[in-house]
Amino acid sequence: MTPRGPLRLTADEQARFAHPREYAPRSPVTTDCTACGACCAAPDIHALHKPLGVPCVNLGPDQGCGHLCAIYATRPGVCRSYQPDWVCGEVAPLPTLDARTRRFLEIYGLQPD
């Protein structure tokens with residue numbers, strides 16, 4: 001599949017990246033995974049017995065190319081079906097995984113146990 005780039009997004013794809021009015025845009029539209037790790041650290045992932053706000057045990061350290069998943073090829077369906085959206089553009093520019101996780105949780109009004 002050839003990447004379509006931001007000028008070729010469908011209307012549905014464009015809507016997924018539109019930030020809510022109450023959030024000012026923080027970065028250019030992010031349409032691809034940046035490997036920031038926030039989606040592997042912030043939400044709870046029941047299929048992996050991962051609690052809210054705790055990085056997944058399969059998430060590797062950032063080695064200059066982002067955080068990579070050690071079980072990417074066999075990751076559960078919930079991980080496989082996740083698609084980047086406006087939240088990625090909001091959290092990806094933050095400097096640390098901890099900061100990205102805290103902002104992700106803040107956006108959704110969630111608090112880790």
For H46, all residues meeting side-chain hydrogen bond (donor to acceptor under 3.5 Å, both in side chains), sequence neighbours excluded
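side-chain hydrogen bond (donor to acceptor under 3.5 Å, both in side chains) check on H46 returns D44.
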Which heavy atom of [X] sits nearest a heavy atom of [Y], and at what distance?
X: P43; Y: A38; value: CD-O, 3.6 Å
X: L105; Y: A42; value: CD2-O, 3.5 Å
X: P84; Y: C33; value: CG-N, 3.6 Å
X: P93; Y: C88; value: CD-O, 4.2 Å

Applying side-chain contact (heavy atoms from CB on, under 4.5 Å), name anything that partners C39, two or more places apart in sequence or on another chain.
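C39 satisfies side-chain contact (heavy atoms from CB on, under 4.5 Å) with Y82 once adjacent residues are dropped.
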Other ILVMFWY residues reachable from V78 by side-chain steps of under 4.5 Å
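Answer for V78: I45, L48, I71.
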Residues sharing L97's hydrophobic cluster, by side-chain heavy-atom contacts under 4.5 Å among ILVMFWY, directly or via others?
L59
Partner set under salt bridge (charged side-chain N to carboxylate O under 4.0 Å, His left out) for R102, not counting sequence neighbours:
D98
Rounded to the nearest 0.5 Å, what's the gap from [atom1] on [X] to [atom2] on [Y]? Could you check?
X: C56; Y: H49; atom1: SG; atom2: NE2; answer: 11.5 Å
X: L94; Y: F104; atom1: CG; atom2: CZ; answer: 12.5 Å
X: R100; Y: H67; atom1: CZ; atom2: NE2; answer: 4.5 Å
X: T74; Y: N58; atom1: OG1; atom2: CG; answer: 8.0 Å

Quick one: does Y108's side chain get under 4.5 Å of V87's, heavy atoms only?
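Y108 reaches V87 side chain to side chain.
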Contact check, side chains of T101 and P55, non-hydrogen atoms, under 4.5 Å
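They are not in side-chain contact.
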Do side-chain atoms of R75 reach the backbone of Y72 as a donor and acceptor pair under 3.5 angstrom?
yes
When hydrophobic residues are tied together by side-chain contacts of less than 4.5 Å, even through go-betweens, does L110 share a cluster with I107?
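In one cluster with L110: I107, yes.
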